[in-house]
Asks: 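What follows is a single structure, and I will ask about it in a moment.
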Amino acid sequence: MPLTVGTAGHIDHGKTWLVKALTGKDTDRLPEERRRGISIALGYAPLELSDGRRLSLVDVPGHERFVRTMVAGATGIDLFLLVIDAGEGARPQTYEHLAILRLLGVERGVVAVTKADAVDAETLELAVEEARELVPGAEVVAVSAKVGTGLDELRDALGRAASAMPRGQAPDVAATRMYVDRVFSLSGIGTVATGTLWSGSVGAGDVLRVEPRGLEARVRSVQVHDEAVERADAGQRVAVALTGVERTSLRRGDALVAPGAFPRSFRLDVSLDELAPIRDGSRVTVHHGTSSVAARVARIGEHHAQLRLDRAVVAARGDRVVLRSGTTLGGGLVLDPAPPRSRDEARLAAAESGDASSVVHEPVRESALALRGLSAEGLVRAEGWAFSQTWLDSLADGLRARLAGADPLDPGIPPPADAWAAAVVPLLGLERRGAKLYRPGVAAALGEREREAEQLTARLEEAGLEPTPVPDAQLAAFLERRGDLVRIGDGLAVSREAYDRAREVLVEECTRAGAITLARFRDLLGISRRPAQVLLERFDADGLTRRLGEGRVLRRQAREPTAAAPADVPPAPPAAR
Ligand SMILES: Nc1nc2c(ncn2[C@@H]2O[C@H](COP(=O)(O)OP(=O)(O)OP(=O)(O)O)[C@@H](O)[C@H]2O)c(=O)[nH]1
Ligand SMILES: [Mg+2]
């Protein structure tokens, strides 16, 4: 895996000169940089080692106003090259850059005590001594960019530091992610974005998303240090020519990522590393990737915080952020790149251990889980959803409580309306009948309304063909399912027996005469006009008859004598007495 080395150090301490001495490339290309003699933008150059290995060098500005640029250059680097002026020794940005490197997790590198030609031997020795104390564990090399002393030793020291780097994630495992640090357009090529490839690989023909804006771009070609390559791998400095995006719709801070592989988020849950106390609610600038975003800190417990960002970022678990407000305040390790808004200390502690079963309290899509860098182990999974057992248990408890309180006449409840409902219902041990959930095997029952039902049935029997008001619709529906009555609209009902009698009369008459009128039907049954009317309407609704001219005729399928049940009875649990 190719490695990237980033310079660090106070303004004017000789970083750019050293890069030029090592690589032959002057990275201060801007006219303003040339005029002012300081670096403003990030510079890039390939560095050949004596054993043939090649590293990428990123040169950062030292000016305190450009710390933000320094952070953008330093994220994604593997090794540092801290440059200290032998005559001046460590100065404010020497310390600040070192702190930023530590916050970004860049622990290995080399210190160059430069401008050795400009000081006497004793001063040089003191400067080297001071550098050793400042960065224990790093090799310190005295060099001069001006006369070229110490450059081979410096290259060798960088080579040793590179060899000591633990091998990172295999490039083909992780999804493509690159944070853009420069954008320009070239005639004949179009939009070009450069950056360090954090993970994955990129090659011509790839389709990437420009986040956080969610644009789609196709890779036309890829270069690594001005040389065309078929594919570039994680860790490399790359320049990608893109089609489908204008130069103006891309900027530093954007991410080029494999579609769908990283969550776009306005919140990051982090474990904090504080250089100075960071107050709850304070406003900071969050540096992540090559972007810097204003944010508010919501502290969670002693060591954690949720960063509430003004603009979305795409991040992954394990990313580092730097928090600044005027100066560098501290940093954070991303535990959850797309957390819920709640401040939950237990969740954060669990996120630290990567244990999804205690992080995930609500149903999540498995894909979202992967985006948050959490494994689904320990979770219950169904149809692309993941649920914690605790959550499932409490959902089941809640539903059971509601079922217990349901009307015994129809002891079901509607299932949850959420997207995960279909996945979760089979896990709950409940029965789905029609549109409702029931306790397994439960049957509708009259319960305390037994007496009420008896009285109603008696009244209906007494009324014969005269429709009777049944104000309790639940009870009426139950009794209809049980076969005791037939509802005929307007909150009216007749006994099942009366309904069958009327039906029989109607079928007989139609079979004999071909049709039946309202008057004839009324006379045959010996009832008044209104009840005759509602009964006929019910027969129409049941599909027995249809209107024809002044009267009604039997529908074809009704001409065969059948014991047709009322047609509009909803699906329901089996009725039981
Ligand atoms: N004598 C001597 N002077 C040097 C050497 N390296 C750099 N300088 C001087 O230091 C000045 C600044 O060097 P740069 O390399 O531009 O410094 P820098 O660290 O890149 O500065 P910023 O990018 O603005 O932070 C140069 O213009 C030189 O005058 C060296 O090895 N010897
Ligand atoms: Mg410079």
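Atoms within each ligand, like the ligands themselves, are counted from 1 in listed order.
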Asks: Taking non-hydrogen atoms within less than 4.0 Å of ligand 1, which protein residues qualify?
Replies: His10, Ile11, Asp12, His13, Gly14, Lys15, Thr16, Trp17, Ile38, Ser39, Pro61, Gly62, Thr114, Lys115, Asp117, Ala118, Ser144, Ala145, Lys146

Asks: About how large, to 10 degrees, is the angle OG of Ser39, then the Mg ion (ligand 2), then OG1 of Thr16?
Replies: 90°

Asks: Using distance alone, with no hydrogens and no angle criterion, decide if Glu33 and Ser39 have a side-chain donor and acceptor under 3.5 Å apart.
Replies: no

Asks: Going by atom types alone, do His13 and Glu88 pair a side-chain donor with an acceptor below 3.5 Å?
Replies: yes

Asks: The criterion is side chain to side chain donor-acceptor pair (under 3.5 Å); which residues satisfy it with Arg34, sequence neighbours excluded?
Replies: none

Asks: For the rings on Phe80 and His97, is their centre-to-centre separation under 6.0 Å?
Replies: no

Asks: Is a side-chain donor-acceptor pair under 3.5 Å present for Asp233 with Ser201?
Replies: no

Asks: Evaluate the ring planes of Trp391 and Phe387, with Trp represented by its six-membered ring, and classify them as parallel (under 30°), tilted (30 to 60°) or perpendicular (over 60°).
Replies: parallel

